[in-house]
Colleague: 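What follows is a structure written as structure tokens; I'll ask about it next.
Because the structure is predicted, anything quoted here is derived from the model rather than measured. Start at 1 with the first residue, then count along the sequence. Because only heavy atoms are used, hydrogens play no part in the values below, and waters and symmetry mates are left out as well, while side chains stay in.
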Amino acid sequence: MKLLIITAVQEFQKEIKEILKKSDVKVYSYKDVIGYRDASELSIQQNWFANDMNEGSAVFFYAFVKKENVDLVFDLVTAFNEKQLTKSTIHVAVVNIERTI
């Protein structure tokens, strides 16, 4: 069993749900969250918001997933990210679960 963690901008929520469905992940949880980006080290030309802390609407998904489903999630997310014209992508992490009840 693995703990799958997915974060992305709010606009990708529908696509993440479709990726989980295609990966046979039938049970998951998600939450709307506020994402922050510290832009204080960017030059003025790179930081067109002229603000040191940018925040935006994001989503946070998590699910306990069978080991064999994890690779498919990563493959589908990679394919999705490669098609994006924006800098925003879906981020995925997986954590080994040693014990559960």
Colleague: Which distance, rounded to the nearest 0.5 Å, do you find between the CD of E98 and the CE of M1?
Modeller: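 Taking CD in E98 and CE in M1, the distance rounds to 14.5 Å.
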Colleague: To the nearest 0.5 Å, what is the distance between CD1 (I97) and NZ (K67)?
Modeller: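 The CD1 atom of I97 sits 13.0 Å away from the NZ atom of K67.
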Colleague: Could you measure the distance from the OG atom of S57 to the CG atom of D32? Nearest 0.5 Å is fine.
Modeller: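 Going from the OG atom of S57 to the CG atom of D32 covers 7.5 Å.
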Colleague: Looking at CD of Q13 and CD of E18, how far apart are the two atoms once the value is rounded to the nearest 0.5 Å?
Modeller: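 Atom-to-atom, Q13:CD and E18:CD are 13.0 Å apart.
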Colleague: Do V95 and F64 belong together in a cluster built from hydrophobic side chains that touch within less than 4.5 Å?
Modeller: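 The answer is yes; both residues are in one hydrophobic cluster.
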Colleague: List, by chain and number, the other hydrophobic cluster members for I101, where Ile, Leu, Val, Met, Phe, Trp and Tyr join if side-chain heavy atoms come within less than 4.5 Å, directly or indirectly.
Modeller: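 I101 shares its hydrophobic cluster with no other residue.
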Colleague: Drop me the distance from L85's CG to K83's NZ, to the nearest 0.5 angstrom.
Modeller: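 Between atom CG of L85 and atom NZ of K83 there are 11.0 Å.
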Colleague: Output the distance between atom NZ (K26) and atom NZ (K21), rounded to the nearest 0.5 Å.
Modeller: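 The distance works out to 10.5 Å.
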Colleague: Looking only at atom types and distance, does a side-chain atom of N69 sit under 3.5 Å from a main-chain N or O of S23, one as donor and one as acceptor?
Modeller: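 Looks like yes, one N/O pair under 3.5 Å.
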Colleague: Sequence neighbours left out, what pairs pass ring-ring contact (aromatic ring centres under 6.0 Å, His included) with at least one residue falling in residues 82-101?
Modeller: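 Listed once each, the pairs would be none.
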Colleague: Members other than L76 in its cluster, when Ile, Leu, Val, Met, Phe, Trp, Tyr link by side-chain heavy atoms under 4.5 Å?
Modeller: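 Hydrophobic cluster check, L76: joined to L4, I6, V9, F12, I16, I19, L20, V25, Y28, Y30, V59, F61, V65, V70, L72, V73, F74, V77, F80, I90, V92, V94.
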